[in-house]
Amino acid sequence: MKTEPLVLGIETSCDETGVGIVRGHTLLADEIASSVDEHARFGGVVPEVASRAHFEAMVPTVQRALDRAGVTLADVDAIAVTAGPGLAGALLVGVAAAKAYALAAGKPIYGVNHLAAHVAVDTLEHGALPEPAIALLVSGGHSSLLRVDDLAAGVTPLGATIDDAAGEAFDKVARLLGLPFPGGPPIDRAAREGQVVIPFPRGLTGPRDLAEHRFDFSFSGLKTAVARWVEARARSGEPVPVNDVAASFQEAVCDVLTAKAIDACREHGIETLVIGGGVAANSRIRALAGQRAEKYGIAVRVPRPNLCTDNGAMVAALGSHLVASGAEPGRLGLPSDSAMPITLVTA
Ligand code: KG4
Ligand code: ZN
């Protein structure tokens with residue numbers, strides 16, 4: 001029997017140095033070195049700090065992943081690396097490292113799209129992705145609805161945010177509420193202690209918006225509405241009910257995301273919805289998507305929370321899918337592309 005490909009994946013698009021190793025759909029190692037603490041006091045990721053941290057963490061993280069998986073570089077069949085989108089300097093460190101490992105060990109290299117990797121990672125938990133599928137991709141930098149007919153060949157964008165990304169909205173609202181960065185996890189926790197009592201707006205859901213932006217998102221108006229509400233409360237001298245604001249804000253985001261994702265499934269007659277990206281770690285989006293999908297016989301696939309946020313396993317998972325699909329590896333001179341479009345799966 002032919003053994004499945006052993007693929008090492010490297011992720012450096014933002015502030016996590018992630019190295020994952022998979023065989024087929026089986027996860028063997030997922031090592032992360034995060035520089036998040038170094039950025040926390042700035043309230044956002046500082047690109048130069050992230051690049052330097054990747055540079056320092058790269059070799060030890062690769063070694064830890066190989067040790068954890070119980071393999072050597074010589075055993076690996078292919079190396080996959082995030083080529084984009086992401087922070088230009090951060091991407092360069094990962095791509096340069098992947099090329100060096102590929103050249104030294106004589107392995108094929110795949111420069112892959114970070115966003116497609118957020119979709120592919122689900123295969124490590126739930127097996128091959130039924131195609132076609134609808135993917136809802138919600139991270140710190142992107143919020144998109146995609147139709148996936150063949151993940152190895154590319155995806156079709158159905159809609160995207162016209163302003164802030166969903167994760168960005170979580171981060172900005174958290175800051176407003178005095179919660180730490182990144183804002184998704186503390187808002188998720190605070191919301192569990194709060195009630196959905198404030199009617200925050202649902203962007204792009206009115207009849208006119210739906211005619212033009214049926215599968216697009218907007219979170220900037222919501223963020224402003226939360227800011228205005230909190231300011232008014234503070235002016236009145238009353239304490240800000242942080243847990244209720246968190247719960248009401250989170251509900252507004254998850255309501256729109258899940259409603260539009262289910263609508264896309266129904267419009268396309270597709271019975272699989274996969275949710276990926278950091279915001280897919282949110283407990284409310286997971287619960288609400290499941291509830292709403294059930295009514296229409298749509299199966300929701302969401303990877304476990306630590307596979308939703310950036311990691312190396314997702315890059316290895318997409319690499320493994322590309323190898324299994326017979327995709328051509330990249331050139332050793334392959335570029336990194338900070339603005340890599342979602343329609344390109346490889347660089
Ligand atoms: O995919 P990711 O790790 O990095 C990017 O590619 O952007 O996503 C990071 C984003 C951050 O904005 C973070 O606040 C958000 O994902 N996030 C969450 C949760 N965990 C992380 N948002 C809501 N609820 C969570 N539990
Ligand atoms: Zn990401």
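Residue numbers count from 1 along this sequence. When a ligand or atom number is given, it counts from 1 through the structure's own listing order.
No hydrogens or angles considered: nothing links the side chains of D209 and H213 as a donor-acceptor pair under 3.5 Å. Under 3.5 Å, the side chains of D163 and S218 contain a donor-acceptor pair of N or O atoms.
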(message) Between E168 and K172, does the salt bridge (charged side-chain N to carboxylate O under 4.0 Å, His left out) criterion hold? Intermediate values first, please.
(response) CA-CA 6 Å; E168 195 179 349; K172 288 177 175 168; 3.1 Å; yes
(request) Tell me, with the steps shown, if R292 and D255 meet salt bridge (charged side-chain N to carboxylate O under 4.0 Å, His left out). (result) CA-CA 10 Å; R292 289 182 165 173; D255 182 15; 2.8 Å; yes
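Side-chain atoms of T12 never come within 3.5 Å of backbone atoms of T17 as a donor-acceptor pair (strictly under, hydrogens ignored). No donor-acceptor pair closer than 3.5 Å links the side chain of D188 to the backbone N or O of G184.
In this structure, the side-chain hydrogen bond (donor to acceptor under 3.5 Å, both in side chains) partners of N306, at least two apart in sequence or on a different chain, are R304.
Residue pairs satisfying the ring pair (Phe, Tyr, Trp, His ring centres under 6.0 Å) criterion with at least one member in residues 161-196, sequence neighbours excluded, are listed as follows: F170-F249.
For ligand 1, residues of the protein lying within 4.0 angstrom by heavy-atom distance are H114, H118, S139, G140, G141, G167, F170, D171, P182, G183, G184, P185, D188, G277, G278, V279, A281, N282, T309, D310.
The aromatic rings of H118 and H114 sit perpendicular to each other, their planes meeting at more than 60°, with 30° as the lower class boundary.
Within a radius of less than 2.8 Å around the Zn ion (ligand 2), the protein N, O or S atoms are H114 NE2, H118 NE2, D310 OD1.
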